[in-house]
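Worth saying up front: this structure is predicted, and the values here are computed from it rather than measured.
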2 protein chains.
Amino acid sequence: MASSTKAVGATLRDIAKEVGISVSAVSMALRDHPRIGPETKSRVMTVAEQLGYVPNSAGRALRARKADAVALIVPNTSQHVFGHTYFMHVLTGVTAVANDNDAQVMISTNPDESHGMAAYERVMRSGRVDGAIVTSAAVTDNNVERLVRSGLPLVLLGNFPYLPNSISVGIDDRAAAFEATSHLIEVHQRRALVHISGPLDHQSAIDRRDGFFDAIQTHDVTGHLLLGDYSEESGARAVEDVTDIDGVFAANDEMAFGAMTRLRERELTVPAEISIIGFDDFGLSRVTTPSITTMHVPAERMARLATERLFDLVSGVAVTQADAHVTLPVNLVTRGSCGC
Amino acid sequence: MASSTKAVGATLRDIAKEVGISVSAVSMALRDHPRIGPETKSRVMTVAEQLGYVPNSAGRALRARKADAVALIVPNTSQHVFGHTYFMHVLTGVTAVANDNDAQVMISTNPDESHGMAAYERVMRSGRVDGAIVTSAAVTDNNVERLVRSGLPLVLLGNFPYLPNSISVGIDDRAAAFEATSHLIEVHQRRALVHISGPLDHQSAIDRRDGFFDAIQTHDVTGHLLLGDYSEESGARAVEDVTDIDGVFAANDEMAFGAMTRLRERELTVPAEISIIGFDDFGLSRVTTPSITTMHVPAERMARLATERLFDLVSGVAVTQADAHVTLPVNLVTRGSCGC
DNA sequence: ACTAGATGCTCAAACGTTAGAGCAATGATC
DNA sequence: GATCATTGCTCTAACGTTTGAGCATCTAGT
């Protein structure tokens, strides 16, 4: 005998029967409608409590055309691209704000590569959620554009300059990269730099690379590009054969760590001979030896803001062009790997 | 002008009107019912495609009494207790299996301390999800017991010996701790050990402590208990004033790292003078210097298994007493911190 | 030609909730 | 004592989907 404890509990009708009034009266009583007598209200409350009544959200959603839930969409591509930790910070922020708004959070990862964003659009159109947060996807991913155009409440996490009509929350990657690189040059007198980039079909990787070269040009030092993919392994590989450098700026901490490890295997000392700076500060950079100087990205705060904006959107608050794109400040966290 | 693109799309009725048949016929056509003509079916498909029809899940859930979604419940207490990384592994496993079952995943964190498990029970009873995975909660948290007793489909992640009627997926923490401790004694000849425990209102912390003392007794060496709370800081604090030891077994990697860092600040060398072993292997232990020998916990696989069992439960597959509690094997990953 | 069965659809009802219209009482006002 | 507002509830319909029963129409078998 496997089953069927009628797990789903009491309904309004059960309460109505018990109290001896109509279903609508019960509904109104529970919502504290002024036209229901105090006597009745308290009886309804009592019985509801006894029966362990919990409103059925399908019924409610159907009637109200509102799900009281938001989706956190994670393009599968970025699941590889971003480390686990980034996502945790995002999740923490999203759930916190969702809780404040009495809403649930759905995690929407891609079932398989071929479906692309279609799966997400289905989730959104199904009425299961009222809106969604999309974490940075590849610039080549035109599904994001489709989602934006669909007009469903949507907030993007990251920068999408090619989607001006979207709502987004991000940081100024280019300026941040400029600052990090300048730190190597100005504070540590480094003159022969390399940048280990992320995958260049991601906006963050593009911007960080551009910021690096901005700094190279501004300070008139030498700088070269090494291609990475945000993975530790790619950071290590990038510096495999590199010679005559005294500074590395990696587009994230994983690659900085990979590079640092490999350089030390090659008997090059960090930070004595080579200064290294990473990006993100999602956890890794603090625990390595030496610890990694990095550009701190306030991921949780970005997520909170994005989610707050999403709830604004859902409740119909107008968003002006001016505040469609929010940029949060970042700050350089100096640690051992640069020589500070 | 803020709003109202009638974001929620076409319904069965729209298709019915367009094709010129009844709503039920459309529904049947879309579900490929044999009693609907091929001609009609293809017309329905075409129009559905054109209109971008997506079934409304509230309507469906209401009718089918099934949400096609599962919840991942994270007691807020354990959000502090477990590092971010553990949760990521779990989430990866859960979403993968949920995707395979065409189900969505809801993240349910606790809105505030006072509500306790009531919030989760609400989520489950609301019909929003068909079942839930609960990650290890404190043994003192009787809300878990309530949830188990409620009879709703539920799989616990971790060990709950005091809830024999539950379904759970875990590891043998005690045996694993015994093995880790024995490694310090047998392989590295350590004779004066300490155990930095997790918070002892968590079953995993209790079992790991017990396994430690099992090994101490079996091998007849000295062993002392230092209380921690699974945080890096607590690991550091634990070994602040400790003297005359040559081995540390920490109940997780964060504490092992904290302890290692503090011991080295105290000019004690790891692993030359003191061997350290941690627990979990969720990421941290691999990247420190020295890297930390640890007991690898297959969190993602546990999560997958738990979720698969949950879907069994939801679909009414009977679970016998014999396979109610699954225990997965763990393995010691030897790294630098023990001297290997 | 008449019945039996297959085929292709329509109809009604149900899932649980809620908002608005409606309808009896009661109490107040002139 | 008729009028009117207030109070406290009931009734109806609707959200979108699905399913079993029902009802024509056509085909095949006698």
Side-chain angles (χ1 to χ4, degrees), chain A residues 4 6-45 47-48 51-68 122 124-130, chain B residues 4 6-45 47-48 51-69 122-130:
Chain A
S4 205
K6 179 157 158 67
V8 62
T11 70
L12 288 183
R13 187 159 34 180
D14 298 327
I15 303 177
K17 212 167 292 177
E18 183 72 18
V19 177
I21 56 175
S22 76
V23 169
S24 354
V26 175
S27 172
M28 294 167 97
L30 289 173
R31 313 200 115 227
D32 204 25
H33 194 286
R35 297 285 290 275
I36 300 293
E39 230 299 63
T40 310
K41 265 180 196 167
S42 83
R43 265 162 60 223
V44 167
M45 297 297 187
V47 174
L51 268 49
Y53 171 75
V54 174
N56 177 296
S57 29
R60 197 172 254 186
L62 193 55
R63 169 75 218 213
R65 307 174 133 289
K66 192 143 180 317
D68 289 322
R122 287 186 68 81
M124 295 195 67
R125 298 205 106 95
S126 74
R128 225 186 247 282
V129 297
D130 302 320
Chain B
S4 206
K6 180 160 160 62
V8 64
T11 69
L12 288 183
R13 185 158 38 180
D14 298 327
I15 303 178
K17 213 168 289 177
E18 183 72 18
V19 178
I21 55 175
S22 76
V23 168
S24 350
V26 175
S27 172
M28 295 167 98
L30 289 173
R31 313 201 114 228
D32 204 26
H33 193 285
R35 300 283 291 274
I36 300 292
E39 230 300 66
T40 310
K41 266 180 194 168
S42 84
R43 264 161 63 223
V44 167
M45 297 296 187
V47 174
L51 267 49
Y53 171 74
V54 175
N56 179 296
S57 26
R60 198 170 253 187
L62 194 54
R63 171 72 217 213
R65 307 174 133 288
K66 192 143 179 321
D68 289 322
R122 287 185 69 84
V123 170
M124 296 196 67
R125 299 205 105 97
S126 74
R128 224 186 248 282
V129 297
D130 301 322

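Rounding to whole angstrom units, CD1 of residue B:I21 and P of C:dC11 are separated by 12 Å. Rounded to an integer number of Å, the gap from B:D14 CG to D:dG16 C1' is 11 Å. Note: NZ (A:K41) to C1' (D:dG8) measures 11 Å, nearest angstrom. When rounded to the nearest whole Å, the span between CE of A:M28 and P of C:dA19 equals 9 Å. Distance B:I15 CD1 to C:dT10 P: 14 Å, rounded to the nearest Å. When rounded to the nearest whole Å, the span between CG of B:D32 and P of D:dT18 equals 14 Å. Atom P of nucleotide C:dA19 and atom CD1 of A:I36 are separated by 12 Å, given to the nearest angstrom. Here the P atom of nucleotide D:dG16 and the CZ atom of A:R128 are 17 Å apart, to the nearest Å.
Contact of the B:V47 side chain with the B:Y53 side chain is not registered, since no non-hydrogen atoms from C-beta on lie closer than 4.5 Å. Using a 4.5 Å heavy-atom threshold, the side chains of B:L30 and B:K41 count as separate. Using a 4.5 Å heavy-atom threshold, the side chains of A:V44 and A:I21 count as touching.
Among the nucleotides C:dT10, D:dT18, D:dG22, the one closest to any side-chain atom of B:R35 is D:dG22. Residue B:R63 places its side chain closer to D:dT17 than to any other of C:dT17, D:dT17, D:dT10. Closest to the side chain of A:L62, out of D:dC15, C:dG8, C:dT18, is D:dC15. Of the candidate nucleotides D:dC15, D:dG8, D:dT17, D:dC15 has the atom nearest to the side chain of A:R65. Of the candidate nucleotides C:dG16, D:dT17, D:dT12, D:dT12 has the atom nearest to the side chain of A:S24.
The main-chain N or O of A:R122 is never found under 3.5 Å from a side-chain atom of A:R128 such that the two would form a donor-acceptor pair. Between the side chain of B:S57 and the backbone N or O of A:S126 there is at least one donor-acceptor pair closer than 3.5 Å.
No engagement by A:S57 is indicated, since no non-hydrogen atom pair under 4.0 Å with the nucleic acid exists.
Comparing B:A25 and A:V54, the nucleotide of DNA chain C nearest to each residue sits closer to the 5' end for B:A25.
Side-chain atoms of A:R60 stay outside donor-acceptor range of the base of C:dG16, with no qualifying N/O pair under 3.5 Å. Side-chain N/O atoms of B:S22 and base N/O atoms of C:dC11 include no donor-acceptor pair closer than 3.5 Å.
Regarding contacts with the backbone of C:dA19, every side-chain N or O of A:S27 stays at 4.0 angstrom or more from both OP1 and OP2.
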